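Working notes for the structure below.
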Amino acid sequence: MAKYLLLKHYRGAPAPVNNVPMDQWTPEEVTAHVQFMHDFAARLEKTGEFVHGQALAPEGAWVRYDGEGRPPVTDGPFPETKDLIAGWMVIDVDSYERAVELAGELSAAPGAGGKPIHEWLEVRPCLAEPPTITE
Amino acid sequence: MDEALLRSLTPSVLTILVRRGADFAAAEDAVQDALVEALRVWPADPPRDAKGWLVTVAWRKFLDATRAEAARRRREYRVEEEPAPGPAPAVDDTLQLYFLCAHPSLSPASAVALTLRAVGGLTTRQIAQAYLVPETTMAQRISRAKRTVSGVRFDQPGDVATVLRVLYLVFNEGYSGDVDLAAEAIRLTRQLAAAIDHPEVAGLLALMLLHHARRAARTASDGSLVPLAQQDRGRWDTALIAEGVGILQAALARDRLGEFQAQAAIAALHADAPTAEETDWVQIVEWYDELTRLTDSPVVRLNRAVAVGEADGPRAGLAALAALDDSLPRHAAVAAYLHERDGDLATAARLYAEAAHKAPNLAERDHLTRQAARLNSRRCR
């Protein structure tokens, strides 16, 4: 088993096919979308492939050390141009192929008109712990 | 084995040890050891006096631990000073522990963790689960808190307001994990109310009961939020409401108003209305005026604007809102609601979307997104 991180972006990913902002959907479409995400996570919990998931607030800042005795530098709380992560899910699956398959399913979450969003998700393998026995 | 009994005895046993001069951290360890011993011994040989048994064993554990470190002379001195073990009276022992755990030198997070552990008798694992942090993290937080208060004198009267703030934090933390922190906060506040005669303690207890009474109606089966106006009032717990109102009335009668009593009064007016339309908004505005006087909190002013909007119409609400900083949490959501009631659906939809963007949790974000979607789809179709 290997762990993969599925990243959902607010900004920075290529535009999804069905690119309508969520507040322009109908309430039923929003509900269907939320339900889909719930069901997806619940199904992976049953198969033992779910590790963790978390949604993030849309605001983020870059922060950097600015030298001894000085407060850290930030680029401010409302950056307009940088990539932003909307949330993540960590899954623990048998193969890269399975990770891609699941990301594909997640990307099919329904959006406006009840049709899949076709949103781009980033799939990143987590680096593993070194094995106990090396030789 | 009665685990609830053990848990309810833990704080007073701990208090007795500290009263006898044990350092807080060492006393806590000794009590934990005694609890483990109780779990082992009691099933076969239940004691006649559970508390006396625990005090005796915990004190012995404390001495054993001290013995390992301290000089022989000091140990003998302590043994000589030891009062006879036996039934220890009065719940108000625990009171000191509340004050210690809410000591102003602790951060709110540490005070909460320490209170749940020392007064509530929860295990570190349970507290960690409730706050969704690893157990080791919570263990560190608690032992750091114990170190912070270990030099604090135990016989000083504490500040009730600090204790109440900590309990209110626990209550608001809500429902994650397998420990129901809201119920736990109510249990601890009940204990406190039994031990101390103070109208604000009663006010906080009433407030918690009144909120708790509406809990089942607050979320739909799919986990989404149900706003107060749309809640099924048949699902409110009328027994809890009656109890909360009774406690509140007794507290108000003493004419020492505080912010928790005022908040409870508002909650009681909501609980009292048979339908959302029949809510006595005029009186609620009056209570918000009292609350503003007591706290001068911008959040209270924001809530007051909502109440004004209901009592005197959305224009009046928007006027009250205009005096407030729009960077306040939930400002956009309140503005959206008032604009919608005023008939300006385009502005309302935009503000709901903005509010969703700033929402502090998923349930709220989804709720606000649905509100924006509802207005947008109505305008487009």
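Numbered from 1 within each chain, the chains take letters A, B, ... in sequence-line order. Heavy-atom basis, side chains included; hydrogens, waters and symmetry copies ignored. For clarity, every value in this text was computed on a predicted model and none was experimentally measured.
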Please name the pair of heavy atoms, one in Ala373(B) and one in Met22(A), separated by the smallest distance, quoted to 0.1 Å. CB-O, 4.3 Å
Give, for atom NE2 of His33(A) and atom CZ of Arg370(B), the distance between the pair rounded to the nearest 0.5 Å. 11.0 Å
Can you tell me how far the CD atom of Glu29(A) sits from the OG atom of Ser377(B), to the nearest 0.5 Å? 8.0 Å
For Arg350(B), is it the side chain, the backbone, both or neither that has a heavy atom under 4.5 Å from a heavy atom of chain A? neither
Atom pair CD/CG of Gln24(A) and Leu375(B) - distance to nearest 0.5 Å: 11.0 Å
Could you tell me which portion of Gln35(A) (side chain, backbone, both or neither) has an atom closer than 4.5 angstrom to a non-hydrogen atom of chain B? side chain
I'd like to know whether CH2 of Trp281(B) has more than 12 heavy-atom contacts from other residues, nucleotides or ligands below 6.0 angstrom. yes
Got a second to check how far Glu59(A)'s CD is from Lys358(B)'s NZ, nearest 0.5 Å? 7.5 Å
Determine whether a donor-acceptor pair (N or O, by modelled atom type, separation under 3.5 Å) exists between the side chain of Asn376(B) and the backbone of Asp23(A). yes
CZ (Arg43(A)) with more than 12 external heavy atoms under 6.0 Å: yes
